Amino acid sequence: MSGENDSAYESLIQFLYRAPVALIQLQKDGSIEMLNPMASQLLMPLSQDGDLVNFFQVLQPYAPGLIRLCTNFKHEQGLICEGMRVAINKNRRDHPESPAVLSLGLLKVDGNRLMAILLDATHEVVREQSILASRLASAAKLDALTQLPNRAGALELLHAMTQRARAPSGDYCAVLFINFDRFKQINDTLGNEVGDQVIVLVAERLRATLRSSSRPPGKRSSAELAARVGGDEFAVLLDGLADRDVASRIAARLLDRLSKPYIIGNHDLTCTFSAGVVALNSDAYDADDLLRDAAIAMAIAKAGGGDRFEVFCQQMRDDALLRRGLETDLRYAIERGELYNLYQPVVGLLAGGKFDPAAGVEALVRWKHPVRGIVGPLEFIGIAEDCGLIGAIGEKVLEMACRDFVGWKQRLGTRAPRLLAVNLSRAQLSQEDLCDKVKAILAACGMEPDKLQLEITESLAAQGKDIQEQLLRLKALGVKLALDDFGTGYSSLSSLHLLPVDTVKIDRSFVTLAGSSRHHEVLIEATVKVARSLGMNTVAEGIETEEQAAVVYAQGCNKGQGYLYSRPISGEAVEEWLSEMA
Ligand code: C2E
Ligand code: MG
Ligand code: MG
């Protein structure tokens, strides 16, 4: 080695020794091999026993997830974390001058060795907060949990952003509205405290991701700021963007970062998020509108399965308005008598294509909207569930159906339908007073409980203990239960025995293919066999052709329903249809 090299090496060592950042070389189990004086200075006050033997142990009380973070890092080398904020509990009187927040970087050098870099980030944090506070009219606009601007703060900043004059090109502003996909689940299963910790970590990750924006400083937007605008909702405000796509790229990157695991105590949580993006370069937008439009796009991303973002377009707002309009109208639909039932006959399948027309009917609700005409249940049941109207609508449908059913019995005698099927939706099943309501309606109409069949979809029945208990309570009333749309949900033939149902309705998508797809025929056959072995009936839904009827009959289905026999028809038409069939 030449003398020049020696002295270069020596100055490097000197530099590392004197550097104003803490440098620590450690083994993968955290044992400290080497550290510079700045490292001792920062770490010593944190050590419980005055020893600096194991790095992870020293930081354990402040960053409990650190060991896991390192063991979860499966690559041979690379950056494990960068700029990770470690908050230090400042209640220690013995070291009043020590930092309140450290910034930690960890690099895996090889299979056995790590390098850690620590910086005092106290001033940085204080500065960030004071900049924020000075930009916000009052501290009341900061969220206490995350120290991010709250909704009012976000709106104030957005307002300033939208009021600013914009260059004709390359000067976009954007809002990203970000929402947890299933935050309630975290609170429900792990408790609110863990929920709060996740919120804090998400806020921190948003800050860090925006800070370490991969764009060169000159190209950075003039403002990149995260806010907490609701319990589990965040907004990111971006300004000075070159084009719309930049906002989408940032949204993609944020979602990617946010979906990495969060380590809280012993929990290793993975959350996904949905986001909506609005980007514009005109000032013709109100701050409230911007946030609302971003939220509309977010709701669409969530409805599409979550873990994705959608860019807002005008059509989304029109749809949302239409939906809101329907929601308002739906509130009056019941009292204005706009809801009515159609009935689709359910027939008993017999040999030679013959059928028993009086096996039953299924009530299918319709809404006669004063302007939009007839609206089908698929369009408004979801809205009714969301706005809390489903209970009232469900009761109305059941009551109308029971009255019609009892009327047929009086007028048609033995030719009247023997069973009345009525659909229940997800939200109805979780209503505590459902059983009482059903019981009261049956009694008021003078209908025997075992003539009523309540239909629930397969995916619903498979959910949770509460639903199971509700189903058992309904059964105890004496009503029959059917599993609707079987084959489209999650439960399988092997779990059919767990469900307290009397009848399985095989979904139309299977029946449609009966006669042309051997695969679907086998599935129908298997369903019928399993159902039978459990003492359950089977109904084939959506039979449209003689051939489909023959196939499902050959496979042992008891009953059928579909356009081949009758479309859904009015109550009066049911009487005529039955008379014709007799
Ligand atoms: P569902 O219970 O599976 O009802 C059968 C649906 O299939 C009905 O659609 C019916 O018109 C249709 N259908 C019957 N046979 C055929 C056929 O041969 N070919 C074709 N292409 N379609 C056939 P509808 O009336 O639009 O109802 C759709 C869904 O809305 C129902 O599916 C049910 O889940 C729900 N629904 C209907 N009424 C109510 C209600 O009062 N309350 C609740 N919660 N949901 C309801
Ligand atoms: Mg049904
Ligand atoms: Mg069905």
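Just so you know, ligand 1 is whichever comes first in the structure, and atom 1 is the first atom listed for that ligand. This one's a predicted model, so the numbers in the text were calculated from it and none came from an experiment.
Closest approach between the Mg ion (ligand 3) and any N/O/S atom of Glu541 involves OE2. Counting just the N/O/S atoms of Glu455, the one with the shortest distance to the Mg ion (ligand 2) is named OE1. Shortest distance from the Mg ion (ligand 2) to Glu362 is reached at OE2 (N/O/S atoms only). Closest N/O/S atom of Asp484 to the Mg ion (ligand 2): OD2.
There is no side-chain donor-acceptor pair under 3.5 Å between Glu362 and Gln344. With no hydrogens or angles considered, a side-chain donor-acceptor pair links Asp181 and Thr272 at under 3.5 Å. In the model, Tyr262 has no side-chain atom that pairs as donor or acceptor with a side-chain atom of Asp268 under 3.5 Å. In summary, the side chains of Thr146 and Asp143 do present a donor paired with an acceptor at a separation below 3.5 Å, with no hydrogens or angles considered. Remark: the Gln315 side chain and the Asp319 side chain contain an N/O donor-acceptor pair separated by less than 3.5 Å. A donor atom on one side chain and an acceptor atom on the other are found under 3.5 Å apart for Asp232 and Asn179. Between Lys559 and Asn537, the side chains place no donor N or O within less than 3.5 Å of an acceptor N or O (distance only, hydrogens not considered).
Across the listed options Ala427, Pro377, Ser566, Pro377 owns the non-hydrogen atom lying nearest to atom 36 (N) of ligand 1. For atom 20 (C) of ligand 1, the choice among Gln428, Glu544, Arg567 with the nearest heavy atom turns out to be Glu544. Relative to atom 46 (C) of ligand 1, the option among Asp507, Ile393, Leu564, Asn423 with the closest non-hydrogen atom is Asn423.
Using a 4.0 Å cut-off between a side-chain N of Lys or Arg and a carboxylate O of Asp or Glu, Asp436 and Lys439 do not qualify as a salt bridge. Ion pairing between Lys505 and Asp485 fails under the 4.0 Å rule for side-chain N and carboxylate O.
Close contacts of ligand 1 with Glu541, meaning ligand atoms under 4.0 Å from a residue heavy atom, involve 3 (O). Atoms of ligand 1 found under 4.0 Å from any heavy atom of Ser425, numbered from 1 in the order shown, are 44 (N). Short contacts between ligand 1 and Leu424, defined as distances under 4.0 Å to a heavy atom of the residue, involve ligand atoms 44 (N). Residue Gly542 has at least one heavy-atom neighbour below 4.0 Å for each of these atoms of ligand 1: 15 (N), 16 (C), 17 (C), 18 (O). Close approach of ligand 1 to Gly562 (heavy-atom distance below 4.0 Å) involves ligand atoms 15 (N), 18 (O).
Separation of the Trp577 and Tyr343 ring centroids does not fall under the 6.0 Å cut-off.
Between the Mg ion (ligand 2) and Asp485 there is no N/O/S contact shorter than 2.8 Å.
At a heavy-atom distance under 4.0 Å, only side-chain atoms of Glu362, from C-beta outward, approach ligand 1. Contact annotation for Ile390 and ligand 1: no heavy atom of the residue comes within less than 4.0 Å of the ligand.
Annotation: atom 38 (N) of ligand 1 to nearest protein heavy atom, Val365 N, 3.2 Å. For atom 10 (C) of ligand 1, the closest heavy atom belonging to the protein is Leu364 CD1, 3.9 Å. Nearest protein heavy-atom neighbour of atom 18 (O) of ligand 1: Tyr563 N, 2.9 Å. Looking at atom 15 (N) of ligand 1, its nearest protein heavy atom turns out to be Gln344 NE2, 3.0 Å. Scanning the protein heavy atoms around atom 29 (C) of ligand 1, the nearest turns out to be Leu378 CD2, 3.6 Å. Atom 1 (P) of ligand 1 has Asp484 OD2, 3.7 Å as its closest protein atom, hydrogens excluded (heavy atom only).
Counting only heavy atoms, the protein gets under 4.0 Å from atom 3 (O) of ligand 1. For atom 32 (O) of ligand 1, the protein comes within 4.0 Å by no heavy atom at all. Checking atom 12 (C) of ligand 1 against the protein gives no heavy-atom contact under 4.0 Å.
Between the OG1 atom of Thr512 and the CD atom of Glu544 there is a distance of 6.0 Å, given to the nearest 0.5 Å. One distance of note links NZ of Lys409 with CD of Glu448; it measures 7.5 Å at 0.5 Å rounding.
Backbone and side-chain nitrogen or oxygen atoms of Arg508 are examined, and one is located within less than 3.5 angstrom of a nitrogen or oxygen of ligand 1.
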